[in-house]
2 protein chains.
Amino acid sequence: MSTAEVLATVDIVALRLNAERGLELLLIRRAKAPFEGQWALPGVLINGRCADHGLDDAALRALREKARVKPAYMEQVATVGNAVRDPRGWSLSVFYLVLVAPDIELAADDLDFVPLESVRSERFPLPFDHTQLVQQACERLAGKSVYSALPLHLLPERFTVAEALKAFEWSIGEEIQHSSLRGRLERMKAAGWVEDTGERHQPPMGRPQHVLRFTPQGDGAFVFDRSLLV
Amino acid sequence: MSTAEVLATVDIVALRLNAERGLELLLIRRAKAPFEGQWALPGVLINGRCADHGLDDAALRALREKARVKPAYMEQVATVGNAVRDPRGWSLSVFYLVLVAPDIELAADDLDFVPLESVRSERFPLPFDHTQLVQQACERLAGKSVYSALPLHLLPERFTVAEALKAFEWSIGEEIQHSSLRGRLERMKAAGWVEDTGERHQPPMGRPQHVLRFTPQGDGAFVFDRSLLV
DNA sequence: ATAATAGTGTCTGTGAGACATTATGTA
DNA sequence: TACATAATGTCTCACAGACACTATTAT
């Protein structure tokens with residue numbers, strides 16, 4: 001026993017939807033070594049001296065104290081650990097996928113959203129193995145988006161079908177049939193997850209859009225029994 | 001920095017299929033405090049002094065050195081961490097779901113397979129929060145079994161449809177239509193995951209059964225595009 | 001022959017894919 | 001008017017559910 005301990009962190013892969021540019025990743029400028037001054041995933045150390053009641057609490061603390069954003073959805077993705085990912089030695093990271101609403105304000109200039117694609121393509125390199133964590137989190141999002149309504153958590157409470165379509169397509173990385181999405185939204189209406197507000201929104205051109213409201217019933221996403229894009 | 005460390009383990013939820021009694025859970029009698037002498041999940045401590053290249057390696061080490069069984073399938077489920085799960089203080093467990101073939105030999109008398117139901121119903125209590133870990137691992141198995149061929153990893157390489165049916169039903173916890181399973185096996189044949197050996201197996205009564213061979217193509221389970229039991 | 005079990009076939013319903021058609025706004 | 005976009009409808013196909021029916025063995 002005695003010193004059989006290891007350095008552990010909780011790291012956050014927080015994504016936001018930008019209607020034109022696609023998904024964006026929240027980064028924070030590191031205040032301390034290692035990699036001081038570089039942009040990296042927000043995260044916190046976990047150890048007995050913090051008041052976290054559990055890992056989800058630690059993730060919420062990271063969101064509150066570091067990222068300073070409110071999560072619309074949060075899910076533990078996985079844990080990685082090895083001797084080389086942190087220069088300080090054997091370390092371990094429990095990382096979370098977090099979706100935030102598109103209209104959030106960033107509270108400080110050590111925080112920024114960058115295009116997700118620039119990170120995934122490694123044009124924007126991240127320290128540690130953070131690029132891989134982002135990759136895994138995105139795979140989780142894409143995987144779940146074909147059989148659940150997870151991308152709706154990227155939208156404001158009131159949304160249009162066109163916005164939902166974009167959320168799904170950016171999450172999955174492929175175009176999908178709008179009629180399939182409409183069918184799914186109809187089934188969500190029947191289950192009380194989505195309702196038609198009756199309002200209309202007028203785009204620059206064309207027929208006005210119905211404005212829907214998304215009301216998640218409990219944690220987790222609405223699950224369908226089939227997959228898109230088979 | 002300095003002592004910002006935490007106690008971390010990798011724990012294994014290893015399941016085996018017993019044709020009559022259903023799923024069984026592998027337990028080990030703890031050699032050291034805390035809970036010395038009690039039956040618990042096999043696991044190992046992780047820290048910089050062990051030669052693990054990563055968490056999956058640590059899990060394989062736990063299987064090799066503690067459980068002494070060969071995994072047919074292995075998957076990280078999640079990580080739990082809090083101040084109360086271990087009497088030594090704030091601790092963290094990365095736990096894995098492992099499926100092993102039914103013809104396993106146990107190498108020592110500090111190892112045993114117990115009925116999974118007795119653990120899930122808490123008639124067989126486990127130390128730490130191991131009962132909850134088992135619960136979560138089983139939910140993962142059940143969840144994936146409705147849209148993948150995961151339960152086939154509980155079978156020997158050569159198997160019959162009747163055996164596969166039992167593997168699915170025990171994994172999911174409900175009866176399923178054998179004709180649905182046959183359809184899925186046909187599609188796996190087309191994909192090269194299953195082949196008909198041409199052999200027959202004669203049950204005590206009735207028509208002889210076709211003997212199939214399961215040949216996983218890479219890690220992970222074969223995935224279908226629909227769910228059973230909708 | 002009878003029982004038991006394996007394997008096949010039939011019918012229905014759901015929902016995704018693809019695409020045509022209609023509806024309703026702006027310029 | 002033309003054009004753009006939203007919303008609806010139609011047709012096909014794949015596959016799960018349910019269950020009937022046929023096939024092949026032991027007793």
Participant: Where the side chain of D129(A) meets the backbone of Q132(A), is there a donor-acceptor pair that is under 3.5 Å apart?
Facilitator: no

Participant: For M205(B) and dA26(D), what is the distance between atoms CE and P respectively, to the nearest whole Å?
Facilitator: 9 Å

Participant: Without decimals, in angstroms, what is the distance between L181(A) CG and dA18(C) P?
Facilitator: 15 Å

Participant: Would you mind reading off the distance between L212(A) atom CG and dA6(D) atom P, rounded to a whole angstrom?
Facilitator: 13 Å

Participant: Run the salt-bridge test on K189(B) and E186(B) with the 4.0 Å N-O cut-off and return the result as yes or no.
Facilitator: yes

Participant: Hey, can you tell me if Y73(B) and H153(B) have their rings parallel, tilted or perpendicular (30° and 60° cut-offs)?
Facilitator: tilted

Participant: Just the rounded figure in Å: distance from C1' of dT26(C) to CZ of R200(A).
Facilitator: 17 Å

Participant: Is the shortest heavy-atom distance from the side chain of F222(B) to the side chain of S148(B) under 4.5 Å?
Facilitator: no

Participant: Are the side chains of V44(B) and R64(B) in contact, using a 4.5 Å heavy-atom criterion?
Facilitator: no

Participant: Is a side-chain donor or acceptor of S227(A) paired with a backbone partner of V230(A) at a separation under 3.5 angstrom?
Facilitator: no

Participant: Just by distance, do the side chain of D52(B) and the backbone of G54(B) share a donor-acceptor pair under 3.5 Å?
Facilitator: no

Participant: Starting at atom CD of E175(A), determine the distance to atom C1' of dA16(C), rounded to an integer number of angstrom.
Facilitator: 16 Å

Participant: Which residues in residues 140-156 of chain B have a heavy atom closer than 4.0 Å to any atom of DNA chain D?
Facilitator: none

Participant: May I have the distance from E186(B) (atom CD) to dT8(C) (atom P), rounded to whole angstrom?
Facilitator: 7 Å

Participant: What does nucleotides 13-23 of chain D look like as a protein-contact string, B for base, S for sugar-phosphate only, - for none, at under 4.0 angstrom between heavy atoms?
Facilitator: -BBSSBB---B

Participant: Atom CZ of R182(A) to atom P of dT14(C): distance rounded to whole Å?
Facilitator: 22 Å

Participant: Please answer whether the main-chain N or O of G192(B) pairs with a side-chain N or O of Q217(B) as donor and acceptor at a distance below 3.5 Å.
Facilitator: yes

Participant: For H201(A), enumerate each residue passing the side chain to side chain donor-acceptor pair (under 3.5 Å) test, keeping only those at least two apart in sequence or located in another chain.
Facilitator: Q209(A)

Participant: Report yes if at least one side-chain N or O of Q209(B) is closer than 4.0 Å to OP1 or OP2 of dA6(C); otherwise report no.
Facilitator: yes

Participant: Can you tell me how far P of dA23(C) sits from NE2 of H210(A), to the nearest Å?
Facilitator: 14 Å

